[in-house]
Number of protein chains: 2
Amino acid sequence: MPELTTNRLSVYLRCLDEVAGQGVRTISSTGLAQRLDLNAAQIRKDLAHFGEFGVRGVGYAVEDLRQHLRAILGLDRRHRVVIVGAGNLGLALADYGGFRSDGFDIVALVDSAPEKIGTRSRGGVPVGDAAELASLVTRERLDIAVIAVPPAAAQQVVDQLVKAGISAILTFSPAPVRVPEHVRVRRVDLSVQLEGLSYFLASERDEANATR
Amino acid sequence: MPELTTNRLSVYLRCLDEVAGQGVRTISSTGLAQRLDLNAAQIRKDLAHFGEFGVRGVGYAVEDLRQHLRAILGLDRRHRVVIVGAGNLGLALADYGGFRSDGFDIVALVDSAPEKIGTRSRGGVPVGDAAELASLVTRERLDIAVIAVPPAAAQQVVDQLVKAGISAILTFSPAPVRVPEHVRVRRVDLSVQLEGLSYFLASERDEANATR
DNA sequence: CTCTGTGAACCACTTCACAGCA
DNA sequence: TGCTGTGAAGTGGTTCACAGAG
């Protein structure tokens with residue numbers, strides 16, 4: 001399934017959560033499309049990949065579709081997450097409450113710096129020793145690793161995780177990372193995002209100069 | 001220019017920075033492609049959109065291409081950034097040193113909660129009053145706003161920023177946000193990324209069950 | 001002979017448009 | 001009639017393959 005499709009499923013689910021809270025029982029693809037600023041056909045097609053959830057002439061039952069999407073996205077069970085790297089970002093993610101409610105439990109936070117091991121985040125999450133990462137993965141049956149270490153250390157951390165059996169990784173490190181086929185990596189690259197905005201500002205400026 | 005292309009330009013630049021540090025003077029599209037795990041033709045095409053930077057039979061001069069990319073991405077001047085929202089994420093971003101070196105200066109950090117205003121981040125960045133956001137934007141000639149507020153507050157913050165003349169926004173808020181044509185928004189949605197990984201784990205599990 | 005720059009072919013995702021069901 | 005599900009058409013981005021420069 002294309003990554004773009006699964007990304008949208010998350011977005012649909014969040015929107016459904018919201019309208020469910022407002023007491024809406026039924027919603028059409030057009031209704032969703034308007035709220036999300038998307039094409040209605042795309043929403044129908046995305047959903048149709050997974051079954052026939054709608055009722056012709058009516059739309060989708062909000063509660064029913066929510067349950068389907070939660071199951072499709074694997075949110076009908078909780079996930080156990082380890083954060084590697086207790087720098088600014090790692091600490092912030094550890095304390096960020098938004099994940100818990102979505103079914104992601106931050107089970108561990110580790111770092112390799114001796115002066116950090118044994119300390120706690122603002123929110124009280126203890127920092128463990130990154131040297132024990134491999135045993136932690138198996139012992140705690142971890143599902144997902146979040147990597148928030150400096151680029152130079154990223155590949156080494158990934159190798160450890162993969163060897164220990166992790167198959168889903170979210171990395172904030174810009175370093176390109178090699179993994180075997182069966183491991184899925186998603187990357188969030190803040191510099192790329194900021195530089196994309198910088199490009200936009202620069203190209204606007206150039207245009208303004210050109211037409212002057 | 002497609003967003004995917006500009007994203008890759010950032011990636012190319014980072015790779016060039018790295019190889020330049022290793023003393024490499026010249027690199028071919030194939031060489032870059034191998035390091036980045038991309039198609040060489042795509043790299044050539046991306047670069048060719050902006051000029052003829054290469055030498056046939058030789059490749060690209062690393063230092064020359066770096067300067068070109070920095071100019072194209074608008075990194076030949078510094079950007080002034082405000083972070084809105086002094087929660088876990090906002091504070092972490094304010095203290096994150098990686099931006100500074102890339103040409104992005106965190107000029108201000110604001111929040112609307114009275115108990116936060118006047119405090120400082122771990123790294124010493126003072127938290128200002130979000131009520132003064134509009135005047136801050138003009139007075140400090142801010143370029144880019146980073147939004148790290150709860151979803152419910154996002155649209156209101158964006159409206160203020162747009163009215164004050166901001167034209168580039170990076171939001172961590174999952175809420176869909178409406179802006180005028182001339183404003184560029186980039187979204188980083190952590191839940192979508194985690195749920196994408198969750199989908200992958202779930203689909204693997206289903207496959208395993210099916211073939212059993 | 002090597003490697004760029006690029007038209008042409010290819011592929012994937014999106015949108016349209018409509019048949020079909022409630 | 002209203003809205004889903006879906007083949008067909010459209011769009012945009014990627015990869016191929018080669019002409020041409022050094």
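Because the structure is predicted, anything quoted here is derived from the model rather than measured. Proteins get letters first, then strands, A, B, ... in listed order; numbering begins at 1 in each.
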Atom CZ of A:R44 and atom C1' of D:dG7 are separated, to the nearest Å, by 13 Å
To the nearest angstrom, how far is B:L4 atom CG from D:dT15 atom C1'? 15 Å
Answer yes or no: is there a donor N or O on one side and an acceptor on the other, between the side chain of A:Q155 and the main chain of A:R178, under 3.5 Å? yes
side-chain contact (heavy atoms from CB on, under 4.5 Å) with A:L109: which of A:L93, A:V84, A:I83? A:I83
Can you tell me if A:R184 uses its side chain to pair, donor with acceptor, with the backbone of B:L197 under 3.5 Å? no
Under 4.0 Å between a side-chain nitrogen and a carboxylate oxygen: does that hold for B:D95 and B:R122? no
Flag yes if more than 12 heavy atoms outside A:R25 fall under 6.0 Å of its CZ atom; otherwise flag no. no
Is any side-chain heavy atom of B:Y12 closer than 4.5 Å to a side-chain heavy atom of B:I43? yes
In this structure, how many angstroms lie between the P atom of D:dT11 and the NZ atom of A:K45, rounded? 15 Å
With 3.5 Å as the limit, what N/O pairs link the protein to nucleotides 20-22 of chain D?
from: D:dG20; atom 1: N3; to: B:R56; atom 2: NH1; distance (Å): 3.4

Donor-acceptor under 3.5 Å (A:R70 side chain, A:L75 main chain): yes
Suppose we screen for side-chain contact (heavy atoms from CB on, under 4.5 Å). Which residues come up paired with B:R56, at least two apart in sequence or across chains? none
B:S198 side chain to A:L73 backbone, donor-acceptor under 3.5 Å: yes
Below 4.0 angstrom, which residues in residues 26-41 of chain A have at least one non-hydrogen atom near DNA chain C? A:N39, A:A41
Output yes when a side-chain donor or acceptor of A:D102 lies under 3.5 Å from a complementary backbone atom of A:F104, and no otherwise. no
Is a side-chain N or O of B:H79 found less than 3.5 angstrom from the main chain of B:G74, in a donor-acceptor match? yes
Ordered by number, residues from residues 59-71 of chain B within less than 4.0 Å of DNA chain C (heavy atoms) are B:G59, B:Y60
B:V107: side-chain contact (heavy atoms from CB on, under 4.5 Å) partners, not counting sequence neighbours: B:R80, B:D105, B:E140, B:L142
So, the side chain of A:S121 versus the backbone of A:L91: is there a donor-acceptor pair under 3.5 Å, distance only? no
With a 4.0 angstrom cut-off to heavy atoms of chain A, pull out the first and last contacting nucleotide of DNA chain C, in 5'-to-3' order. C:dC13 to C:dA22
